Amino acid sequence: MQPRLASLGSLLEEGQVPPVRIINQSNRHFPLRLLLLWLLLGVGIAFTFLSMYTSLCVTEQAVDIPIARSRIQQCFQQSNTVQSWIRTRSSLLHEMNDKELFWRASFVPKIEKYPFDRTPKIAFMFLTRGPLPLAPLWEKFLKGKEKLYSIYIHSLPSYQPKFLRSSAFYGRQIPSQVAEWGMMSMCDAERRLLANALLDISNEWFILLSEACIPLQNFTTIYNYISRSRFSFIGAFDEPGPYGRGRYNLQMWPEINISNWRKGSQWFEINRELAVNIVQDTFYYSKFEQFCRPDCYVDEHYFPTMLSMKSPHLLANRTLTWVDWSRGGPHPATFAETDINDELFKTILHGGTCMYNDQHTDLCFLFARKFAPTALDHLLQHSSKFFGF
Ligand SMILES: *[C@@H]1O[C@H](CO)[C@@H](O)[C@H](O)[C@H]1NC(C)=O
Ligand SMILES: *[C@@H]1O[C@H](CO)[C@@H](O)[C@H](O)[C@H]1NC(C)=O
Ligand SMILES: *[C@@H]1O[C@H](CO)[C@@H](O)[C@H](O)[C@H]1NC(C)=O
């Protein structure tokens, strides 16, 4: 090989060989070079198409080759199959405004039985300002369960996330708008999360979480608890006094009476039917927007009241998210590094009993808040002792 290459190179150097031989040699070698060029061009074009289809059709998580290959196959086949209706979109970005998004998200099949294998997923929806400092704990919790969950994040529109490609949170930001506590914009953000999650037909249960929330059980326990429950878990109680019924505005009458008025924490778990109820609503929405303004905190009343009126038979009327109000004041307690110990989780996990499918149980809470970023290391270190993962 070496000598031949050398001679070819030297033949091409001008002046080294007689003119006649140059013509002879280039006649002999030109087609070879042309062939090489075409080959390179062909590979380049194929690669471009491949990466185009990959970015169009393959989710960011599908980093391993077999998954990517099957997604590409799906992508080529699916333009006129049922796959085109049920495929998980690769990107959560879209150009729809809320009105268009909510309309699209409100589609409900009228035939109840799915004509394909559907593994119902839990949509974990994070309503945050910006970073998710407890993300490593969630990643540990989610590990290996990729077929059973989806993640959605609503943060301030200005926030630029910095998740690694390998993270469960990578590329899971939905188009967001500014949301203020206690205002309708907060409910709008929650509806936006629900609507985006509804676009994926495999999402069956929708859980609203904050950046200060942690899971209290392993994934299997949480999945079974939620999927086997006949009821959805949203706090909805009739509270007398100034912070409950006191926030009702008589101008909502007669569409909403004081006996319909409910209160509950905003951190809910609801099924697909209730999620569609929330996204499609304009009737109660306008009442709450007009007549529930601070000191009426709309995120504590709108969904509990509306769902109690529309689908009371689907509600457990309690939340799955534990929180500590015992310290008093307008905000619940936040737990930091030094608060993380056996005692705390004993209190949370064995603090009382509740109803589950009309039976008494002492497993009442699957999530807890609020946890400070400094708590992360302790939580990670002892997660198997505390939570079983
Ligand atoms: C999950 O937790 C439950 C109860 O705490 C335990 O029985 C089960 O073995 C755990 N599962 C896994 C996969 O760790
Ligand atoms: C509210 O009460 C009025 C009578 O006081 C009744 O006509 C109306 O149907 C009630 N509305 C609801 C939603 O229950
Ligand atoms: C929740 O409350 C509604 C009334 O608002 C009631 O109809 C329903 O039965 C309650 N759910 C459970 C599980 O008790």
Side-chain angles (χ1 to χ4, degrees), residues 122 137-149 205 214-240 244-245 247-265 268-271 273-274 277-278 281-288 290-292 300-320 322 342 345-368 379-389:
I122 295 180
L137 185 70
W138 284 98
E139 279 160 0
K140 193 171 178 190
F141 163 77
L142 295 167
K143 198 159 189 278
K145 308 294 179 187
E146 286 70 21
K147 287 198 170 74
L148 298 176
Y149 72 84
W205 304 283
I214 60 163
L216 294 174
Q217 301 288 334
N218 62 32
F219 191 95
T220 312
T221 305
I222 288 185
Y223 188 90
N224 290 343
Y225 195 95
I226 286 170
S227 62
R228 291 171 188 173
S229 171
R230 294 209 309 277
F231 306 104
S232 285
F233 297 92
I234 176 166
F237 44 92
D238 182 3
E239 185 187 294
R245 287 195 174 207
R247 293 176 181 171
Y248 171 76
N249 184 333
L250 210 53
Q251 288 178 280
M252 292 183 173
W253 187 87
E255 289 87 350
I256 303 163
N257 294 335
I258 189 142
S259 59
N260 304 127
W261 190 249
R262 292 289 181 279
K263 180 180 179 175
S265 117
F268 58 69
E269 179 279 322
I270 56 175
N271 69 7
E273 182 176 341
L274 297 179
N277 270 346
I278 287 179
D281 175 53
T282 50
F283 181 79
Y284 300 100
Y285 184 96
S286 65
K287 288 283 158 194
F288 278 88
Q290 271 180 282
F291 303 121
C292 181
E300 293 181 1
H301 299 282
Y302 171 34
F303 299 157
T305 302
M306 182 191 67
L307 295 179
S308 294
M309 293 176 76
K310 290 189 80 169
S311 311
H313 60 290
L314 294 180
L315 306 182
N317 305 315
R318 66 179 177 91
T319 179
L320 292 176
W322 183 91
D342 297 319
F345 292 107
K346 218 171 273 166
T347 312
I348 296 178
L349 293 170
H350 308 288
T353 62
C354 54
M355 298 302 281
Y356 178 80
N357 287 343
D358 300 325
Q359 311 272 317
H360 288 277
T361 177
D362 57 3
L363 183 51
C364 301
F365 297 107
L366 303 184
F367 309 98
L379 291 171
L380 269 179
Q381 229 173 67
H382 303 294
S383 69
S384 84
K385 180 175 60 157
F386 292 150
F387 317 126
F389 66 83

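Given the structure is predicted, the values throughout are model-derived calculations rather than measurements. Counting convention: from 1, in listed order, for ligands and their atoms alike. Values reported hereafter were calculated over all heavy atoms of this structure, with side chains retained and with hydrogens, waters and symmetry mates removed.
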Gap separating the CZ atom of Arg318 from the CZ atom of Phe365, nearest 0.5 angstrom: 7.5 Å
Shortest non-hydrogen separation from Cys354 to Leu363 and the atoms involved: SG-O, 4.0 Å
Ligand 3 to His313 polar contact by distance, N or O atoms, under 3.5 Å: no
Minimum heavy-atom distance between Asn277 and Met306, given as atom pair plus value: O-CE, 4.1 Å
Value rounded to 0.5 Å, distance of CE in Met252 from CZ in Phe288: 4.5 Å
Trp322-Phe233 aromatic ring centre distance below 6.0 Å: no
Heavy atom of Arg262, distance to ligand 3 below 4.0 Å: yes
Atom 2 (O) of ligand 3: the protein heavy-atom neighbour that sits closest, reported with distance to 0.1 Å: Asn317 ND2, 2.4 Å
Smallest separation among heavy atoms of Thr221 and Asn218, with atom names: OG1-OD1, 2.7 Å
Distance filter under 4.0 Å to Gly388 heavy atoms, resulting ligand 1 atoms: 14 (O)
Element-labelled atoms of ligand 2 that are located less than 4.0 Å from some non-hydrogen atom of Asn257: 1 (C), 2 (O), 3 (C), 8 (C), 10 (C), 11 (N), 12 (C), 14 (O)
Where ligand 1 meets Thr221 - atom numbers and elements under 4.0 angstrom, heavy-atom basis: 1 (C), 2 (O), 3 (C), 4 (C)
Any N or O of Leu315 closer than 3.5 Å to N or O of ligand 3: yes
Atoms in ligand 2 with a heavy atom of Pro254 nearer than 4.0 Å: 1 (C), 10 (C), 11 (N), 12 (C), 13 (C)
Nearest-contact summary for atom 7 (O) of ligand 3 - protein heavy atom, Å: Pro312 CB, 3.6 Å
Ligand 1 atoms in contact with Asn218 (distance to a heavy atom under 4.0 Å): 1 (C), 2 (O), 3 (C), 8 (C), 10 (C), 11 (N), 12 (C), 14 (O)
Considering all heavy atoms, the nearest Tyr356-Thr361 contact: CB-CG2, 3.6 Å
Proximal atoms of ligand 2 relative to Met309 (non-hydrogen, under 4.0 Å): 13 (C)
Minimum heavy-atom distance Ile226-Ile122, with the two atoms named: CD1-CD1, 4.3 Å
Nearest non-hydrogen protein atom, atom 5 (O) of ligand 1: Gln217 OE1, 4.1 Å
Per-atom contact, atom 11 (N) of ligand 2, protein heavy atoms, under 4.0 angstrom: yes
Protein contact of atom 13 (C) of ligand 2 - nearest heavy atom, named by residue and atom, plus distance: Glu255 O, 3.1 Å
Candidates Arg262, Arg247, Lys263 - the one meeting side-chain hydrogen bond (donor to acceptor under 3.5 Å, both in side chains) with His301: Arg247
